[in-house]
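Residue numbering restarts at 1 for every chain, and letters A, B, ... go by the order of the sequence lines. Because the structure is a prediction, the values reported are computed rather than measured.
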2 protein chains.
Amino acid sequence: MKNNKDLPVEEHSGPLMADVARLAGVAISTVSRALANPGRVNEKTRAKIDAAAKHLGYTPNAMARGLRVGKSNVVMIVLPGSLYYGVSQVIPQVLQGINRSLSQNGYHLMIANLDRDETSERHILDLAFGGTVRGAIILSSDLPVDGGRSLKDSALPIVSLLFDMSHAALPSVVTNDRQSVREATSELIALGHKRFLYLAGPVGNYHDNERYLGVLEALAAAGLSEKAVVRSGGTLDYQHGFQIGVAAAAEFADLTQKPTAVIATSDDMAISFMSCVQRTGWKIPEDLSIVSFDGAPVCEYSSPPLSTIEQPVEEMGQLAVSLLMERIDAPERGAAARHVISSKLIRRESFGPARPSS
Amino acid sequence: MKNNKDLPVEEHSGPLMADVARLAGVAISTVSRALANPGRVNEKTRAKIDAAAKHLGYTPNAMARGLRVGKSNVVMIVLPGSLYYGVSQVIPQVLQGINRSLSQNGYHLMIANLDRDETSERHILDLAFGGTVRGAIILSSDLPVDGGRSLKDSALPIVSLLFDMSHAALPSVVTNDRQSVREATSELIALGHKRFLYLAGPVGNYHDNERYLGVLEALAAAGLSEKAVVRSGGTLDYQHGFQIGVAAAAEFADLTQKPTAVIATSDDMAISFMSCVQRTGWKIPEDLSIVSFDGAPVCEYSSPPLSTIEQPVEEMGQLAVSLLMERIDAPERGAAARHVISSKLIRRESFGPARPSS
DNA sequence: AGAGCTTTAGCAAACGATTGCCAAAAACCG
DNA sequence: CGGTTTTTGGCAATCGTTTGCTAAAGCTCT
C-alpha cells in the first residue's frame, strides 16, 4: 500500500475513536468501554467522553464493530415475488410495524427483495451468508435458494410472518384466516344465502387454502354441500388483484345459477368485481352480498362500503420482531411455535339478507 | 482474548476465503483477485477457485470487505414522516423501481425510517455517518438532523425523489405537477366549469404548492379570478388522505355557491370525498366533476372511475438510482440538476361538461 | 500511611477481507 | 534453450473497533 502521508488531508469518513480519546484525554479502550458499556467506567470520565464525541460529531463505524464482534445490527425482510400476494394494501403498515419495533431494539431494516427472480435470490443469500444481516423476517412460503446455498441451511434466526412455517421450524405469526372466513360465511348463511361464489387467490397459496377451507367448514357446519360454492379464478397471482375481480365478474355473468353471496380473498379483487357487476345492473347488497379479506382502508369508501376481514398487521409485525429478538438472544433452533392473532370482520353495507326469490 | 482452541468447534459463520484458497490449492490473495477482478487471473485457476467457492458455499464477508475498502454496498431510502404524503398508494411501486435498479448495480436497499421521530433521525444519521450506507435517496423536503449532526454535512451522495431539492445541491427527480394540474384544470374550464373546489394537502408541502399553483395558472390563463377556486383542507397531513376527503365533503355541503368541479391532490381524498357527496345525493360527473392526483390503480374501479394524474414512479425510481450511481462514481458536489418526468392525466368518467344550470 | 478497592492506560491480538510489493514459477516465443 | 511475458505465492500492512490482560493510578477507610 502506498504511503500517502504526503497528501494534504485524507478525505476520510469522519472522526475516529482515537480522535475522541485524544480530545477527552483518555485511552482509546476507555472510550470504547464508555460507549458500549457505560456501567464499567466512571461517570465523570464517561461524561467527558460523551462530550468529546458529541463535539466531534463522532459516529462509530458500524462495519468495523460488526466485523469485530461478528454480528450486525441489521435485520432483513424477505418478501414474496409478487408484492401484492394478498395483503397488497397493507405492505406499508407491515413495514411500519416491523421497522418501529426494530428501531426500538437498535436494529435497522433492510429490504432483501421485492422481486423474486434469480438475481434477488442470490442477493438474499449474500445478505444472509455474508454476515450483513443478523436475522430475517420472511413473508413467503418458500425459502430462497441459489446455487448450492439455501436460507434453510443458514444459522440465521428467522421468523415467518403471515405464513405458517412452523412445520419448517420457523416461529410463525399468522392470523386465523380460516376461522374468520368460516365465521363470515356462517353469517352469510344465517342471512339466508345458499349459493356462493368464491374469488380465489393463486392455487396452492397458503392463504387461499386456509380461506377456502373456512368456507367449506362453514358449509359443512350448516349441512350444505360443497357444491354450494363456485370457485373462481386461482390462475392469476395475487399481484393481479384487480384483474382477478374483472375476470371473475365475466365468469359470474356466465353462470346460469347465480350465487347470492361472494367471498373474495382480497380487497382488490372484491373492489373491481363490484365495479364490474354493478355496471351490468346488479345491485349490492340487494342482489348480491360481498365480503372480502385484508382490511384495506379504501374499503370504507367504496360503493357500497365493503365488508372486509381486517388483519392487525402492525401488531403482527411487532410480534414477529419480538420473536426474532428472542431467537437472536437465545438461538435455540427447534421450538417453533405458531402465534395466531385474530383478524376480525368489519361489517359494512356490502352484505345483507339473501333475496327471497333465490 | 482467551485462547479457545480447546473448544470442540467454533460456531463460526461459514467458510473463509482461506478455506477456499486451501481447497483450490492457491494462495489467498489469488482467491481475492479472482473473485474481485476476474480479468487479472488465469482462466483455469479462476475456474478452479470458483468451483471451490461454490462447493464450500462460500460467501465473502461484506463487513470485512466494506471495512477494508471503506465503502459499503448499501443505499438507504429516507422517507417523510407520514408514509402517505401524497403518493400513499404508490410507495410499493417506488420501492420496487428503486430496488430493482439497485440490485442491477450490486447494491442493497435499506429502509432508513418510516416514522420521523427523534429516534428515527438518529438512526438515519448513524447509518450515514457510521459508514453503513454508500448513498441515500430521500423522499422528503427536510434533511434529517440530530444533535450536532446533519445529513447535509455528510459527504454521502444523495439524490432527492419526488421533491425538488436542487436548490440544496441535490439532484432531484420530480414530475411536472404544476403543469399537469394546469392542463387538467384548463380542460375542466374548456368544459364550461367556472367554480372549483381544491382539496389541499398539508400547507407548505412542496406538492401542494405546485399543484395549487397549477390551478391558479390555469385560471389566470382563462381570465378567471383566483376567487373561482375554494381551497379546502390544508390542516391535515397527507397521511390522513381519506379523512381529508370526508372533511372536505362536509365543507362542500356548507358552501352556498357550489363549485362544479373538484381538483383533489391525492386519490385517497378524492375517493372518500366522492363517496361522501354521493351519499348526500350528488351525481358524479353530472353535478360535479372530479380529477385527482397519484394514479393509484384502484381509481379505475371506483364509482365512477376516477380521473387521475399518474406519475411514472417506477421510472422515476430508476432514474434516481442512476443519478445516485453517477454521484457515487464521481462525487462532484455542485451541479445538481432537476430532472422532470412527465405525469399524465388519465381520463375516466369522473369528469364531464359543467351543468348548464350553474 | 498502608491496605483494599475501583478505575484507567497501554498493549496487542483479533475480526476477514484487500492490496501493494517482490520474488518465484510457469508459460510462451523465436 | 535463453529471454520475455504472464501468472502466482507469500508477506505484511491496513480498515476501525472490541476486548483480555497487566500494571499503574486514584480513591476510600481505618
Side-chain angles (χ1 to χ4, degrees), chain A residues 1-5 7 10-22 24-49 52-53 56 58-73 126 129-132 134, chain B residues 1-5 7 10-22 24-49 52-53 56 58-73 126 129-132 134:
Chain A
M1 191 150 298
K2 180 159 293 167
N3 187 336
N4 49 7
K5 277 227 179 62
L7 289 185
E10 322 192 25
E11 181 60 62
H12 255 157
S13 29
L16 269 37
M17 189 172 274
D19 299 319
V20 177
R22 203 175 313 121
V26 300
I28 186 171
S29 42
T30 306
V31 175
S32 176
R33 280 181 263 262
L35 263 36
N37 205 345
R40 294 198 53 73
V41 64
N42 188 330
E43 170 58 27
K44 277 213 320 240
T45 52
R46 198 198 53 71
K48 204 164 53 180
I49 290 171
L56 291 174
Y58 171 72
T59 306
N61 183 300
M63 294 198 290
R65 155 183 278 144
L67 175 59
R68 176 59 229 254
V69 304
K71 31 190 82 145
S72 81
N73 57 160
D126 285 349
F129 289 99
T132 304
R134 190 71 204 291
Chain B
M1 191 152 299
K2 181 159 293 165
N3 187 338
N4 47 7
K5 277 226 179 64
L7 290 184
E10 321 193 26
E11 181 61 61
H12 255 157
S13 30
L16 268 36
M17 188 172 272
D19 300 319
V20 177
R22 202 175 314 121
V26 301
I28 186 171
S29 42
T30 308
V31 175
S32 176
R33 278 181 265 263
L35 263 38
N37 206 345
R40 295 196 53 73
V41 65
N42 188 334
E43 169 58 27
K44 275 212 321 242
T45 52
R46 198 197 54 72
K48 205 164 51 181
I49 290 171
L56 291 174
Y58 170 73
T59 306
N61 184 300
M63 293 198 291
R65 157 183 275 144
L67 176 59
R68 176 60 230 255
V69 305
K71 32 190 80 142
S72 81
N73 56 159
D126 284 348
F129 289 99
T132 304
R134 190 73 203 291

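- Per the geometry, CE belonging to Met17(B) stands 15 Å off C1' belonging to dG9(D), to the nearest Å.
- Ala62(B) meets the side chain to side chain contact (heavy atoms under 4.5 Å, CB included) test with Thr132(A); sequence neighbours excluded.
- Once rounded to the nearest 0.5 Å, the distance linking CD1 of Ile28(B) with CG of Asp19(B) reads 9.0 Å.
- Take Ser32(B) and apply the side-chain hydrogen bond (donor to acceptor under 3.5 Å, both in side chains) test, not counting sequence neighbours, and it matches no residue.
- Contact between the side-chain N/O atoms of Tyr58(B) and the OP1/OP2 oxygens of dA17(C) is found at a separation under 4.0 Å.
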Which protein N or O atoms sit under 3.5 Å from an N or O of nucleotides 7-10 of chain C?
{"from": "dT8(C)", "atom 1": "OP1", "to": "Asn42(A)", "atom 2": "N", "distance (Å)": "3.4"}
{"from": "dT8(C)", "atom 1": "OP1", "to": "Thr45(A)", "atom 2": "OG1", "distance (Å)": "2.3"}
{"from": "dT8(C)", "atom 1": "OP2", "to": "Asn42(A)", "atom 2": "N", "distance (Å)": "2.7"}
{"from": "dA9(C)", "atom 1": "OP1", "to": "Ala27(A)", "atom 2": "N", "distance (Å)": "3.3"}
{"from": "dA9(C)", "atom 1": "OP2", "to": "Ala27(A)", "atom 2": "N", "distance (Å)": "2.9"}
{"from": "dA9(C)", "atom 1": "OP2", "to": "Thr30(A)", "atom 2": "OG1", "distance (Å)": "2.2"}
{"from": "dG10(C)", "atom 1": "N7", "to": "Ser29(A)", "atom 2": "OG", "distance (Å)": "3.3"}
{"from": "dG10(C)", "atom 1": "O6", "to": "Arg33(A)", "atom 2": "NH2", "distance (Å)": "3.4"}

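- At whole-Å resolution of the value, CZ in Arg65(B) and C1' in dG16(C) are 11 Å apart.
- Scored by the side chain to side chain contact (heavy atoms under 4.5 Å, CB included) test, Ala36(A) finds Arg65(A) as partners (sequence neighbours excluded).
- One interatomic measurement links the two molecules: CG of Asn61(B) to P of dA17(C), which rounds to 6 Å at whole-angstrom precision.
- Spacing between atom CD1 of Ile49(B) and atom P of dT7(D) amounts to 13 Å, rounded to whole angstrom units.
- The distance between atom CG of Asp126(A) and atom P of dA17(C), rounded to the nearest whole Å, is 13 Å.
- Look at CE on Met63(A): it is 13 Å from C1' on dC15(C), rounded to the nearest Å.
- In this structure, the CZ atom of Arg22(A) is 12 Å from the P atom of dT17(D), given to the nearest Å.
- Arg46(B) pairs by the salt bridge (charged side-chain N to carboxylate O under 4.0 Å, His left out) definition with Glu43(B), Asp50(B), not counting sequence neighbours.
- Partners of Thr45(A) according to the side chain to side chain contact (heavy atoms under 4.5 Å, CB included) rule, which considers only residues two or more places apart in sequence or in another chain, are Val41(A), Asn42(A), Lys48(A).
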